[in-house]
Amino acid sequence: MAKAQKSKATVKARAGKKPERDGAGASLTEQAYQAIKEKVITLYFLPGQYLNEGAICKLLNLGRTPVHQALQRLQLEGLIDVVPRKGVIIQPDSISQILEFLDARLAVEGEIARLAAIRATEADARELQQILDDHSRADAGASAIDAFVECDRAFHTRISELSGNRALGDFAKSLHERCTRSWYLHLWQTLDTAGSDKQHRRILKAIKAQDGDGAAKAMRDHLTILRERVANLQNSTARGMWHGNRARHDISG
């Protein structure tokens, strides 16, 4: 648990930064949306935490209208809930929900990888290679989970962009962001950076070869392995709860 707390502390220290997509041309509502979402995903705002809209405006140095519109958008996405007379509550994601997100990713990201492999140029492949190599050379003092999340998001986002299918890419990005938050909430226990790196490089190898079917299979294999790890975590948690309830029953009996 200490490892999880350390990661959360690191994220909180970094969460004051503006998200990368906050360009000069972005609307105020888009800036608010990206900033709030980033803080939810990285646990700067914790699940179950109540927030005041005015306090969010002050934190982001933005007016009420863009913040209010951003919160409405995030509510539609299921990341928050707006409770009358109480404020904004950050919604949690259970392990069962994470499994649903992964099932959805399995349904779409194989096709995204296939399209990316067909369309990617040599320069695109080198860019993907650079993302993975930069992660391998990451500062040893950085949190392992922070470094992994940054690499994983960049790699999958770029593949979605290379697919040329914006509808599939936007859907996959939304699912991936929900899964990203789960690393901080639950999955730090299952972190296997070496295994994930090997899986990412198999995807990259197929993209370099412009092997669409191979890229689709490598992506599905990658997500299937992750899903199995999450399912094992869910099963071990359920067993722990069962034994705990059994022990309490024996004591009370």
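All of these numbers come straight from a predicted model, not from anything done at the bench. All residue numbers in this chain count up from 1 along the given sequence.
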(request) Decide yes or no on side chain to side chain contact (heavy atoms under 4.5 Å, CB included) for S160 and K173, but give the supporting numbers first. (result) CA-CA 8 Å; S160 290; K173 182 175 183 291; 5.8 Å; no
(request) First locate atom CG of L102, then atom CG of L226, and finally report the distance between them rounded to the nearest 0.5 Å. (result) 5.0 Å
(request) Search all heavy atoms of L79 against all heavy atoms of K37 and return the closest pair with its distance. (result) CD1-CG, 3.9 Å
(request) Taking only Lys NZ, Arg NE, NH1 and NH2, and the carboxylate oxygens of Asp or Glu, determine whether D221 and K217 approach each other closer than 4.0 Å. (result) yes
(request) Identify the heavy atoms of A104 and F171 that sit nearest to each other, and give their distance. (result) CB-CZ, 4.4 Å
(request) Taking all non-hydrogen atoms of both residues into account, name the closest pair between G63 and C57 and its distance. (result) O-SG, 3.8 Å
(request) Determine, stepwise, if the pair H176 / D152 fulfils side chain to side chain contact (heavy atoms under 4.5 Å, CB included). (result) CA-CA 9 Å; H176 191 273; D152 191 59; 2.8 Å; yes
(request) Drop me the distance from H200's NE2 to L132's CG, to the nearest 0.5 angstrom. (result) 7.0 Å
(message) Closer than 3.5 angstrom, by distance alone: can the side chain of E127 be matched with the main-chain N or O of A123 as a donor-acceptor pair?
(response) no
(request) Give a yes or no on whether a salt bridge exists between E109 and R227, defined as a side-chain N under 4.0 angstrom from a carboxylate O. (result) no
(request) Starting at CD1 of I131, measure out to CD1 of I159 and round the result to the nearest 0.5 Å. (result) 8.0 Å
(message) Under 4.5 Å between side-chain heavy atoms, counting indirect links through other Ile/Leu/Val/Met/Phe/Trp/Tyr residues: same cluster for L106 and M219 or not?
(response) yes
(message) Donor-acceptor check, side chain of Q97 to backbone of S94, threshold 3.5 angstrom: yes or no?
(response) yes
(message) I'd like to know if the side chain of R64 reaches the main chain of E53, judged simply by a donor and an acceptor atom lying under 3.5 Å from each other, with no hydrogens or angles considered.
(response) no
(message) Check the orientation of H156 and H222. Use parallel for under 30°, tilted for 30 to 60°, and perpendicular for over 60°.
(response) parallel
(message) Using 0.5 Å steps for rounding, measure from the CG atom of L162 to the CD1 atom of I118.
(response) 12.5 Å
(request) For N232 and E228, indicate whether the former's side chain and the latter's backbone hold a donor-acceptor pair under 3.5 Å. (result) yes
(request) Measure the spacing between CD1 of I90 and CG of L43 and express it to the nearest 0.5 Å. (result) 10.0 Å
(request) Identify the two heavy atoms, one from I36 and one from A70, that lie closest to each other, and give their separation to 0.1 Å. (result) CD1-CB, 4.3 Å
(request) Among residues two or more places apart or on two chains, list those pairs meeting side-chain hydrogen bond (donor to acceptor under 3.5 Å, both in side chains) that have a residue in residues 111-122. (result) E111-R114, T121-D124
(request) Answer with yes or no whether the hydrophobic clustering places L223 together with L128; edges join I, L, V, M, F, W, Y residues whose side-chain heavy atoms lie under 4.5 Å apart. (result) yes
(message) Same cluster or not: I95 versus L46, using hydrophobic residues (I, L, V, M, F, W, Y) connected whenever any side-chain heavy atoms lie under 4.5 Å apart?
(response) yes
(message) Quick check: closest heavy atoms across I80 and Q91, and the distance to 0.1 Å?
(response) C-CG, 3.7 Å
(request) Indicate the atoms forming the closest heavy-atom contact of A206 with A215, along with that distance. (result) CB-N, 3.3 Å
(message) Suppose we screen for ring pair (Phe, Tyr, Trp, His ring centres under 6.0 Å). Which residues come up paired with F101, at least two apart in sequence or across chains?
(response) none
(message) Under a 4.0 Å threshold between the charged nitrogen and the carboxylate oxygen, would D93 count as salt-bridged to R181?
(response) yes
(message) Does this structure show an ion pair linking E30 with R73, if we count only N-O contacts that are shorter than 4.0 Å?
(response) yes
(request) Decide, yes or no, whether a salt bridge links R201 with D133 under the criterion of side-chain N to carboxylate O below 4.0 Å. (result) yes
(request) To the nearest 0.5 angstrom, please state how far the CD1 atom of I112 sits from the CD atom of E161. (result) 11.0 Å
(request) Could you please spell out the steps behind the side chain to side chain contact (heavy atoms under 4.5 Å, CB included) verdict for E150 and H135? (result) CA-CA 8 Å; E150 184 176 351; H135 172 251; over 6 Å; no
